[in-house]
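Each chain gets a letter, A, B and so on, in the order the sequences are listed, and its residues count up from 1. Scope of the values below: all heavy atoms of this structure, side chains included, with no hydrogens, waters or symmetry mates.
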Protein chains: 2
Amino acid sequence: MAHIITEHEVLAVVFQVRVPASADTDGKPALHVLLWQRALDPERGRWSLPGGRLGADEDLTSSVRRQLAEKVDLRELAHLEQLAVFSDPIRVPGPRTIASSFLGLVPSPATPELPSDTCWHAVSDLPPMAFDHGPMVEHARIRLGAKLSYTNIGFALAPDEFALSTLRDIYSAALGHHVDATNLQRVLERRNVITRTGTTARSGRSGGRPAALYRFADSRYRVTDEFAALRPPG
Amino acid sequence: MAHIITEHEVLAVVFQVRVPASADTDGKPALHVLLWQRALDPERGRWSLPGGRLGADEDLTSSVRRQLAEKVDLRELAHLEQLAVFSDPIRVPGPRTIASSFLGLVPSPATPELPSDTCWHAVSDLPPMAFDHGPMVEHARIRLGAKLSYTNIGFALAPDEFALSTLRDIYSAALGHHVDATNLQRVLERRNVITRTGTTARSGRSGGRPAALYRFADSRYRVTDEFAALRPPG
DNA sequence: GCAAAAGTGTTTACGCTACACCCATGA
DNA sequence: TCATGGGTGTAGCGTAAACACTTTTGC
């Protein structure tokens, strides 16, 4: 078996729920992904995931943190997790390069500074993507949806404190379907994922009862509903 | 950032449910993993996962299939799936090597020929393991347990046709806890994971009613219970 | 008939969805 | 007082665990 040089790169799919900049949608928040536009060939003009080559003395997670720091303030990054490996020998031109994709999450109200070549794009309306980065985004989106169902990963998309209607909008944007705020509350409270702060928000522009504020009980990733079936006895 | 040569290897955690060779346990089947014993340094004498270096013109899956073929007849392998990446810069001595771990499954009654340095070990009683291969086995075991709950992956551990009590023993061995055959039947039938063949087994050594035979409806991996919670409206 | 093993029925419990209804506020 | 949005109660549905009971076989 011949061995040639194999490179390894990391690529981060960084999501945030944002209200779209343009007034095209009705102001409803939507799931966005962080992309930068390639200024040089190959694939000049197309949009890329942040990331790049693995350094000699770093593991994958350190590498992706280092390279993401060039695009966003890492303090804004509430969650980072390895997802998949893309290993097609011809997935990019040039030397054979294996890519590990990561899922990164930025909480909703944060508006990190971005370099001029970098911006947020609605996942439902992606620009022309470089290489195999389009499928990587799609894969990450599906994993995020699944993980919202059985983990507390929402903490990494939500503000520190929030009204339930805000949280519903975030879940709804990330899952891509309508979410009932009432049931969301009870599911997450039963699992001890969220707790009331005791304070309330001021009521909105057009009146209405002031919303109770909640926060996530835990700001570290945790599986909250491990078994879909075939639970252990007990 | 300095770049040095980075190697990439694949390692397969191949599981099978087997009745232990020794008469230590009471003949109950248990989950086993395929290991080979290193004849040379480093880590001489310790036990290793099958696998090795990625070739130039193959993707990860092709590579692991090629390298597994040296240990077992690939026709016995009913399922193969990529799991995780281990990227600690000093996880093995010598050139920096990233490892991708795979989950492989061999159906229960098969008894593939093995090279003399290779044999099955009960997962509950592992021998001294080389490098970070011990944690890899543990990680794969946990993933297998989770996937048994929400996919049809059992097809890759079970015979073509089987009595429900056999299937219960297989699930029980893989999950590590008692499983009720009655409930297993209903869960898997409701999801259309198993179907009756219409035939029955001959009744056993000590009498008893002959068992109806079942088979898996699908012998390709399929998610059967996607949502633990937060289902889309319907 | 009797023991052994397989299969069925039934009860209980739990979690999620849906929806009607009640509550608190600003104008 | 009314419109608006937040919060609660509750009924219904689906799924799973537990376990007693019935059926079918060999001896």
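A side-chain contact (heavy atoms from CB on, under 4.5 Å) with B:Arg143 is found for exactly one of B:Ile153, B:Leu148, B:Leu83, namely B:Leu83.
No side-chain heavy atom of A:Thr61 sits under 4.5 Å from any side-chain heavy atom of A:Gln82. Looking only at side-chain heavy atoms (C-beta outward), B:Leu34 and B:Val72 come within less than 4.5 Å of each other. Looking at A:Asp88 and A:Asp132, their side chains never come closer than 4.5 Å, going by heavy atoms from C-beta outward.
For B:Pro210, taking side-chain heavy atoms from C-beta onward, the closest of the listed nucleotides D:dG6, D:dT25, C:dG7 is D:dT25.
Rounded to an integer number of Å, the gap from CD of B:Glu226 to P of C:dC16 is 16 Å. The CZ atom of B:Phe227 sits 17 Å away from the C1' atom of D:dT15 (whole-angstrom rounding). Across the protein-nucleic acid pair, A:Asn192 atom CG and C:dG15 atom P stand 12 Å apart, rounded to whole Å. Distance, A:Leu213 CG to D:dG6 P: 12 Å, rounded to whole Å.
Under the side chain to side chain contact (heavy atoms under 4.5 Å, CB included) criterion, A:Leu74 pairs with A:Arg65, A:Leu68, A:Ala69, A:Leu77, not counting sequence neighbours. Residues that satisfy the side-chain hydrogen bond (donor to acceptor under 3.5 Å, both in side chains) test with A:Ser63, not counting sequence neighbours, are A:Glu58, A:Gln67. Here A:Asp160 pairs with nothing under the side chain to side chain contact (heavy atoms under 4.5 Å, CB included) rule; sequence neighbours left out. Under the side chain to side chain contact (heavy atoms under 4.5 Å, CB included) criterion, A:Ala156 pairs with A:Ala78, A:His79, A:Leu105, not counting sequence neighbours. When the side-chain hydrogen bond (donor to acceptor under 3.5 Å, both in side chains) test is applied to A:Asp169, no partner is found at least two apart in sequence or on another chain.
Residue pairs meeting the salt bridge (charged side-chain N to carboxylate O under 4.0 Å, His left out) criterion with at least one partner in residues 217-227 of chain B, sequence neighbours excluded, are B:Arg191-B:Asp225, B:Asp218-B:Arg222. Evaluation of the ring-ring contact (aromatic ring centres under 6.0 Å, His included) test over residues 119-167 of chain B, restricted to residues two or more places apart or in two chains, returns B:Trp47-B:His121, B:Phe131-B:His133, B:Phe162-B:Phe216. For residues 111-124 of chain B, every residue pair satisfying the salt bridge (charged side-chain N to carboxylate O under 4.0 Å, His left out) rule, not counting sequence neighbours, is listed here: B:Lys71-B:Asp117.
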Dump every N/O contact between nucleotides 21-23 of chain D and the protein below 3.5 Å, one line per pair.
{"unit_1": "D:dT23", "atom_1": "O2", "unit_2": "B:Arg209", "atom_2": "NH1", "d": "3.1"}

Any N/O pairs under 3.5 Å between the protein and nucleotides 11-14 of chain D? List them or say none.
none

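Contact annotation for A:Ala163: no contact, since no heavy-atom pair falls under 4.0 Å across all strands. Among the atoms of the strands shown, only primed sugar atoms or phosphate atoms (P, OP1, OP2) are found under 4.0 Å from some heavy atom of A:Ala229.
Scanning residues 147-155 of chain B for heavy-atom distances under 4.0 Å to DNA chain C yields an empty list. Contacts of residues 167-186 of chain B with DNA chain C (heavy atom under 4.0 Å): B:Thr182, B:Gln185, B:Arg186.
A donor-acceptor distance shorter than 3.5 angstrom exists from the side chain of B:Ser87 to the backbone of A:Leu60, with no hydrogens or angles considered.
If A:Val187 and B:Arg196 are placed on DNA chain C by their nearest nucleotide, the residue sitting closer to the 5' end is B:Arg196.
Ion pairing between a basic and an acidic side chain is recognised when a charged N comes within 4.0 Å of a carboxylate O; A:Arg186 and A:Glu189 show no such pairing.
Between D:dA16 and B:Arg191, a contact under 4.0 Å exists linking OP1 or OP2 to a side-chain N or O.
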